Protein chains: 2
Amino acid sequence: MVDRSQRATARKATTLKQLAAHVGVHVSTVSRALNPETRNLIGPEVAKRVLAAANELGYVPNSMAAALRTGQSRTVGILIPDLMNPVFPPFIRGIQDTLDGAGYTAIIANSDGDKDYERVIVQKMQARFVAGLIMATALYRDDPAVGECIEKGIPVVLINRGVDNREISAVVSDDGAGIAAAVEHLVRLGHRRIAHAAGPPETYTGMMRRRAFLNAMQASGLPADEDLIVFASGYTVPAGREALAALLERGKPFSALIAANDQLALGALDGLAEAGLRVPRDVSLVGFNDMPLVDRIDPPLTTLRIQHYEMGAEAARILLDELADPQRDRRTVMLEPQLIVRGSTAPAT
Amino acid sequence: MVDRSQRATARKATTLKQLAAHVGVHVSTVSRALNPETRNLIGPEVAKRVLAAANELGYVPNSMAAALRTGQSRTVGILIPDLMNPVFPPFIRGIQDTLDGAGYTAIIANSDGDKDYERVIVQKMQARFVAGLIMATALYRDDPAVGECIEKGIPVVLINRGVDNREISAVVSDDGAGIAAAVEHLVRLGHRRIAHAAGPPETYTGMMRRRAFLNAMQASGLPADEDLIVFASGYTVPAGREALAALLERGKPFSALIAANDQLALGALDGLAEAGLRVPRDVSLVGFNDMPLVDRIDPPLTTLRIQHYEMGAEAARILLDELADPQRDRRTVMLEPQLIVRGSTAPAT
DNA sequence: AGCCTTTTCGCAATCGTTTGCACGTGCTAG
DNA sequence: CTAGCACGTGCAAACGATTGCGAAAAGGCT
């Protein structure tokens, strides 16, 4: 038999008042003694007694009360499309670890790509007093959620996506350099007819990488044929398969394909197999993101590795900076992706 | 030039008081009108006016204040070892989606397997007024964090791990049935000398699956040779490689290996390759978890799929139930894993 | 010794909500 | 016709921490 009465009464949680009574001073004194910023206002001997008592009684401050009083919850919100997409956990760890060091806590919300729901989330976040927001949602322009934040004056840092105006900080990876490296790699292998499976046109990465592809092709003196670019309907494996089918449908020959994303690359891989084309013998394939385990699939995927964790950490640092000084200039930092050459790319035949 | 003064002043956030002034009634009336539970105490016409005004002014309640007053934050904490381990995101999504429906929010913390830090996390959670905790950390017994929770009367639900006593609810997958299915599958393929790469002995899953392995072998009338069981030092790929090396060191022949985890299986795959053994020709291999992309590696991994998302959802449901009625009996629910047969298992030669 | 500065601490208001209680209507029933 | 009841609303006290202000004590200076 479990002792339920005890279980029910166990809820204690020492408060400032109790601590004050225990030490024999006023609550305000205890409060100041506990806060390193204000501790110098208190006599060293009293401060020591307070600290000791706090430690003894296992005092943990009630952050709700503090947040209510100060209007600062030491909480930031993270908004992503879907936690189960393996791209996001490293972002989040980077953010969390950095935030932790500054005494902040993150709350994470998934939007599943639903624009309207994103706004709802922002409101919920606001109700929870978030000091700021880090958004890794994919939309490019016309994003109501960021509009809501700007309007309400909530600091926002974008991650893995930019935005039109310069009112918002962002940390992105250098898609231009990444795609250029991929194109260069393929060109060096002798490929000339290179296709691109682009991400959805309404996404930031979709547009950026497509533009980067066109630029890189041009820089290499290759024809940047629009017919060799297909837009995927989403960043998923099935979308990649469909995109490849559409590409084949056009009848334009190509010996290499750069996908805007590893998932698209995997879908393309399936589509190529269905069409009787082997990778890399018939078509070389390069992805983007270096997801876990793509180094162990058959064939191992050549791809662009993004510094996911570091991007998250940087985004958090920027947000903390802007929280400390709201006047600070907004900035966009770019991190270099790295081309990881594996078995899915080979010399053109 | 950005208008910084506006940015600074934009922080408005309508409060109950402002709403009350706008409608011309007392704050308490507004509060009651807004709460569906108490709305019937208010005249229907007034209630309608309040609702309209709330909508118009975009009122969102300050959850900090509400939490402070009621002592209920509608927040639950999730404690996991590491978000970047692909096992956990589905758990978390399951939890979040279920919690969302009940108006709860989750805050996630990573312990990185550090026992002491886990306690710190529990304290931080407590300071944030969490109504309960869901813990997916791996430890079996002697876990200080759950002790802390029981002591403080914080409701806890364990996920993917059990605990000695019956004071805590848990949702786990049926390791016994899962391992039995794997053994049966291998036996049917003609294997008789089956080895097991067990998880660390201090983990719940490590112990359970090892015991399940012994039981299943016995049930199949096969020798359950302790020499064919190696403990890995962690649930990682390198640990799997080392475990396999240790197993080979013993010199006992085996034609099949069941790993306690997909990561261990991948490490074992590496180790086997190094030793010049091919999978599945020389050794059949089965993993546990069905991580993303293990269906696309070479060879595709036969593994046990556990219902990650559903387990998370169930854990959240249980916690919500216990929050609603603390007297409710604790329970342990078991979900069936499913054997997914792929290319890494083949008939014994 | 008297005055002024500094240090150390207490007082009390405040953040925005919730909720037990009391007060005032209008109504029904006896 | 009035006692009594239900209903709708206002009043005010919490919840626990922070902080400007003022007061007392301590110390330094001429």
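Residue numbers begin at 1 in each chain, while the letters A, B, ... track the order of the sequences. Predicted model only: the values in this text are computed from it and were never measured.
- Between R93(B) and D97(B) there is a salt bridge, since a side-chain N of the basic residue sits under 4.0 Å from a carboxylate O of the acidic one.
- Using a 4.0 Å cut-off between charged side-chain N and carboxylate O, E202(B) and K115(B) make no salt bridge.
- Summarising the geometry, the separation between CG on L34(A) and C1' on dT19(D) is reported as 15 Å, rounded to the nearest angstrom.
- A donor-acceptor contact closer than 3.5 angstrom links the side chains of R128(B) and T105(A).
- Computed from coordinates, the R39(B) CZ to dT19(C) C1' distance equals 17 Å when rounded to whole Å.
- The distance from the OG1 atom of T75(A) to the CD1 atom of I107(B) is 7.5 Å, given to the nearest 0.5 Å.
- The separation between K48(A) atom NZ and dT8(C) atom C1' is 16 Å, rounded to whole Å.
- Here R317(A) pairs with E314(A) in a salt bridge; the nearest charged N to carboxylate O distance falls below 4.0 Å.
- Of the options R331(A), R328(A), R330(A), a salt bridge (charged side-chain N to carboxylate O under 4.0 Å, His left out) to E322(A) is made by R330(A) and by none of the others.
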Give every pair of a protein N or O atom and an N or O atom of nucleotides 14-17 of chain C that lie under 3.5 Å apart, one pair per line with the distance.
unit_1	atom_1	unit_2	atom_2	d
dT14(C)	O2	R69(A)	NH1	3.1
dC15(C)	O2	R69(A)	N	3.3
dG16(C)	N2	A65(B)	O	3.4
dT17(C)	OP1	Y59(B)	OH	2.6
dT17(C)	OP1	N62(B)	N	3.4
dT17(C)	OP2	L16(B)	N	2.5
dT17(C)	O5'	Y59(B)	OH	3.2

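- Judged purely by distance below 3.5 Å, without hydrogens or angles, the side chains of T203(A) and R161(A) never pair a donor atom with an acceptor atom.
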What N/O pairs connect the protein and nucleotides 20-26 of chain C at under 3.5 Å? Give each pair on its own line.
unit_1	atom_1	unit_2	atom_2	d
dG20(C)	O6	R32(B)	NH1	3.4
dG20(C)	O6	R32(B)	NH2	3.3

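- Within the 4.5 Å cutoff, the side chain of L34(B) has heavy atoms near those of the Y59(B) side chain.
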